[in-house]
Amino acid sequence: MARLAQTHGLTDVQQEILATVRDFVDKEIIPVATELEHRDEYPQQIVDGLKELGVFGLMIPEEYGGLGESLLTYALCVEEIARGWMSVSGIINTHFIVAYMLKQHGTQEQKEHFLPRMAAGETRGAFSMSEPGLGSDVSAITSKAVKDGDEYVLNGQKMWLTNGGTSTLVAVLVRSDEGHPEGTAPHKSMTTFLVEKEPGFGEVRPGLTIPGKIDKMGYKGVDTTELIMDGLRIPANRVLGGVTGRGFYQMMDGVEVGRVNVAARGCGVAQRAFELGVQYAQQRHTFGKPIAQHQAIQFKLAEMATKVEAAHAMMVNAARKKDSGERNDLEAGMAKYLASEYCKEVVEDAFRIHGGYGFSKEYEIERLYREAPMLLIGEGTAEIQKMIIGRRLLEEYRFQG
């Protein structure tokens with residue numbers, strides 16, 4: 001299995017971190033993932049183990065108690081974790097995005113207040129951008145913040161909040177017209193607020209309600225919720241970066257690294273599907289020999305392995321581009337698009353290799369078959385990625401006539 005998705009040029013520290021995470025996945029996640037997923041049970045023991053490994057502080061600077069690692073290291077760890085159970089990587093991803101946004105855009109006071117506790121896994125992050133009628137049109141956000149003295153009053157309904165119940169810190173994007181005259185472009189009148197809350201469901205602080213979990217086809221274990229603000233009061237010092245009107249750019253920066261994360265998740269799920277498919281193909285016999293010896297199955301395995309390798313290479317390239325300080329929206333969009341599409345295809349091929357047994361809940365591939373579709377829509381649909389890719393290509397290859 002180790003032949004596929006290798007990453008060259010890693011430091012000794014990176015290799016040691018990945019080996020530790022891979023060992024944890026093999027021993028602590030894979031053996032229990034399917035059972036927990038079928039019960040839709042939050043993997044508290046797994047999360048506690050990852051906290052001890054320092055995964056929640058992987059990219060948080062050392063001065064705030066984190067490991068100070070790169071996006072590449074983080075993405076490769078996510079790839080390993082998603083290989084074990086994609087829901088666990090989702091628990092980490094929203095936390096990571098909020099920590100990244102704080103590191104990049106927070107005031108010094110905000111960094112000192114939140115990052116050490118986030119690195120230890122004591123404060124758990126989630127971010128909230130989407131709304132019930134919103135889809136991919138972020139500019140159509142209707143949730144609003146109105147200034148009232150030294151506070152802002154937030155009202156509105158948000159949707160698809162990963163870790164909505166278990167998180168204690170939510171980065172919420174809303175409209176804030178204060179200081180922005182009528183006619184200002186929508187993306188220039190949005191602000192990100194850092195909302196602290198108690199974990200759980202119901203009214204988790206005055207003016208803030210987290211309804212129960214949304215029942216999903218897959219991606220179980222992790223809680224996905226709505227977030228309802230009704231007269232929620234937030235002090236002005238909890239505006240991310242201390243200045244209103246920058247929320248759209250802050251969120252897009254977070255989503256950009258989130259797309260590398262989703263690509264890594266797609267790589268991890270595809271790797272696991274290939275492992276299951278190639279193992280089963282050597283165990284299952286038809287017409288007097290293992291089905292792996294039939295040319296049709298060998299062709300399928302060849303296509304699956306090639307897709308795993310290609311998606312991994314694009315994901316690594318996108319992460320390295322971001323780590324270099326360069327703009328990477330083109331590379332991140334391509335990686336997210338390709339990895340999620342290839343993941344779906346590899347999982348389906350592994351499902352087909354299993355035949356009728358793939359339809360049984362006793363086999364792990366059944367879980368992967370329900371999980372893969374989430375990656376097609378998370379952090380932007382394929383259509384959104386292709387719009388981003390197309391626009392960037394036209395910028396790079398502008399015709400000079």
Examine distances only and state if a side-chain atom of [X] and a backbone atom of [Y] form a donor-acceptor pair shorter than 3.5 Å.
X	Y	answer
Q385	G380	yes
S167	V170	no
Q110	T107	yes
T94	G125	yes
D323	L71	yes
K51	A119	no
D150	P235	no
D223	G164	yes
R272	G268	no
H8	Q6	no

Please report the shortest heavy-atom distance between [X] and [Y], naming the atom on each side.
X	Y	result
V78	S89	CG1-CB, 4.0 Å
V25	P31	O-CD, 4.2 Å
F274	L301	CE1-O, 3.6 Å
V260	A75	CG1-CB, 4.1 Å
A281	I297	CB-CG2, 4.0 Å
A171	M101	CB-CE, 4.5 Å

Between atom [atom1] of [X] and atom [atom2] of [Y], what is the distance when rounded to the nearest 0.5 Å?
X	Y	atom1	atom2	result
L58	F56	CG	CZ	11.0 Å
F96	I60	CZ	CD1	10.0 Å
L227	T209	CG	OG1	8.5 Å
L368	C343	CG	SG	7.5 Å
K300	E348	NZ	CD	8.5 Å
Q44	I91	CD	CD1	8.5 Å

Report, as yes or no, whether the 6.0 Å neighbourhood of atom [atom1] on [X] holds more than 12 heavy atoms from other residues, nucleotides or ligands.
X	atom1	value
K27	NZ	no
Q104	CD	yes
F201	CZ	yes
E362	CD	no
R205	CZ	yes
Q298	CD	yes
R398	CZ	no
E198	CD	no

Do V346 and D349 pass the side-chain contact (heavy atoms from CB on, under 4.5 Å) test, and can you show the C-alpha distance, the side-chain angles, and the key distance before you say yes or no? CA-CA 5 Å; V346 171; D349 281 342; 5.7 Å; no
Per the salt bridge (Lys or Arg N to Asp or Glu O under 4.0 Å) rule, what does the pair list look like for [range], sequence neighbours excluded?
range	result
residues 97-116	E109-R238
residues 72-101	R22-E80, D26-R83, E80-R83, R83-E275
residues 122-136	E131-K158

So, [X] and [Y]: side-chain donor and acceptor under 3.5 Å apart, yes or no?
X	Y	result
Q14	T73	yes
E379	N93	yes
N163	H95	no
T191	S176	yes
H105	T192	no
E226	W160	no

Within-4.5 Å side-chain heavy-atom neighbours: [X] and [Y]:
X	Y	answer
V195	L208	yes
V146	Y152	no
K144	N155	no

Name all residues meeting the ring pair (Phe, Tyr, Trp, His ring centres under 6.0 Å) criterion together with Y280; count only those two or more places apart in sequence or in a different chain, and write none if there are none.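 Once residues adjacent in sequence are excluded, the partners of Y280 under the ring pair (Phe, Tyr, Trp, His ring centres under 6.0 Å) criterion are H354.
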Apply ring pair (Phe, Tyr, Trp, His ring centres under 6.0 Å) to F248 and list each qualifying residue two or more places apart in sequence or on a separate chain.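 Expected list: H187.
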Under 3.5 Å donor-acceptor pairs involving side-chain atoms of residues 210-220, not counting sequence neighbours:
from, atom 1, to, atom 2, distance (Å)
K213, NZ, D40, O, 3.2
D215, OD1, K220, NZ, 3.3
K216, NZ, Y219, O, 3.1
K216, NZ, V222, O, 3.2
K216, NZ, T224, OG1, 3.0
Y219, OH, R265, NH1, 3.1
K220, NZ, K216, O, 2.5

Hey, are [X] and [Y] close enough for a salt bridge, meaning a charged N less than 4.0 Å from a carboxylate O?
X	Y	result
R233	E151	yes
E326	K322	no
K307	E303	no

